[in-house]
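Let me begin by presenting the structure, written as structure tokens, before commenting on it.
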Amino acid sequence: MSTKIGVMDSGAGGLTILKSIQKNLPNIESIYFADQAHAPYGAKSDSFIVDRLLVVADFFKSQGCCVMVVACNTATVAGIQTLRAKTDLPIIGVEPAVKPACRRSSRKRVSVLATEGTSKSLRLNELIETWRFDTEVQVLASKYLASLIDEMPSALSVAEQEIVRVSTIVKEHQSDALVLACTHYPLIKNMFEVALPGVEIVEPSEGVTAQVRRILLSQGHALSDDFLDDANVAIFTNGAVGFQKSLSYWSQDIEAKNICFVDI
Ligand code: DGL
């Protein structure tokens, strides 16, 4: 029997983490769940997000997953501690890559782009205070970018306008590193690279993948570079058809089975 993990997000964003896991740990099976019926998470209350995380954890357990990856910054800062206390499934979260960005910035000026929830969170502020030392860290929130990415490709031109708005502020701050602190944003990393030449775009997928590897090895799972014979990702959503289209758009380069609807 193969090793199976569950990866979740409010929408397509966690696919950026899933892609890295699939590339680096090809012999494990993954289940991806997009909570699109409740997206976006950005301005939702912590208690709402915790309730959703518990439902998804039960779903992953029923599917035989041995690890749950909360591939969402907003859900991690809002609920990972309560989730860990209430489930026996090992939980891996995703945190803004403030530490590597502050280390790599030679100008010592960094911008962090997040959802409203993450931007106001105590956890983000703690991370910044812990790792910034002499770096000036600017935090920016985007109300709509995650939702626009979930509506791609039709929302492309509005997303471009939002990137122009954000990039102008990052340039004014003279940052040479931009932390993408929402897992949706790396899906359009190329658009940030074009808008912000010379600015390093920092995202967390490799760190999360390394943590998945560590936990699976500690559980005694055998990891290898061999690909499984069958497609090793199953994608589930509770979202309406329009959302499902966007999920197929963003999962084109993932070897996945069909996208399935699940009513949770
Ligand atoms: N992908 C998410 C994050 O990392 C959630 C975005 C949202 O639903 O607002 O924050």
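Remember, it's 1-based here, ligands and their atoms both numbered in the order they're listed. This chain uses plain numbering: 1 for the first residue, then up along the sequence. Computed from a prediction, not measured in an experiment: that's the story for all the values here.
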What one should report as the nearest heavy-atom pair of L53 and M68 is O-CE, 3.8 Å
Which heavy atom of L196 sits nearest a heavy atom of K171, and at what distance? CD2-CG, 3.8 Å
Is there side-chain contact between L127 and K99, with at least one heavy-atom pair below 4.5 Å? no
Correct closest heavy-atom pair for T183 and N73 would be N-ND2, 3.3 Å
Y41 ring centre to K44 NZ or CZ under 6.0 Å, with the angle to the axis within 45°? no
Looking at A177 and V202, what are the two nearest heavy atoms and their distance? CB-CG2, 4.4 Å
Return a table of N or O atom pairs, ligand 1 on one side and protein on the other, at distances under 3.5 Å, rounded to 0.1 Å.
from: ligand 1; atom 1: 1 (N); to: D9; atom 2: OD1; distance (Å): 3.0
from: ligand 1; atom 1: 1 (N); to: D9; atom 2: OD2; distance (Å): 3.2
from: ligand 1; atom 1: 1 (N); to: T183; atom 2: OG1; distance (Å): 2.8
from: ligand 1; atom 1: 1 (N); to: H184; atom 2: ND1; distance (Å): 2.7
from: ligand 1; atom 1: 4 (O); to: N73; atom 2: N; distance (Å): 2.8
from: ligand 1; atom 1: 4 (O); to: N73; atom 2: ND2; distance (Å): 3.2
from: ligand 1; atom 1: 4 (O); to: T183; atom 2: N; distance (Å): 2.8
from: ligand 1; atom 1: 4 (O); to: T183; atom 2: OG1; distance (Å): 3.2
from: ligand 1; atom 1: 8 (O); to: S10; atom 2: OG; distance (Å): 2.6
from: ligand 1; atom 1: 8 (O); to: Y41; atom 2: N; distance (Å): 2.7
from: ligand 1; atom 1: 9 (O); to: Y41; atom 2: N; distance (Å): 3.3
from: ligand 1; atom 1: 9 (O); to: G42; atom 2: N; distance (Å): 2.8
from: ligand 1; atom 1: 10 (O); to: T74; atom 2: N; distance (Å): 3.1
from: ligand 1; atom 1: 10 (O); to: T74; atom 2: OG1; distance (Å): 2.5

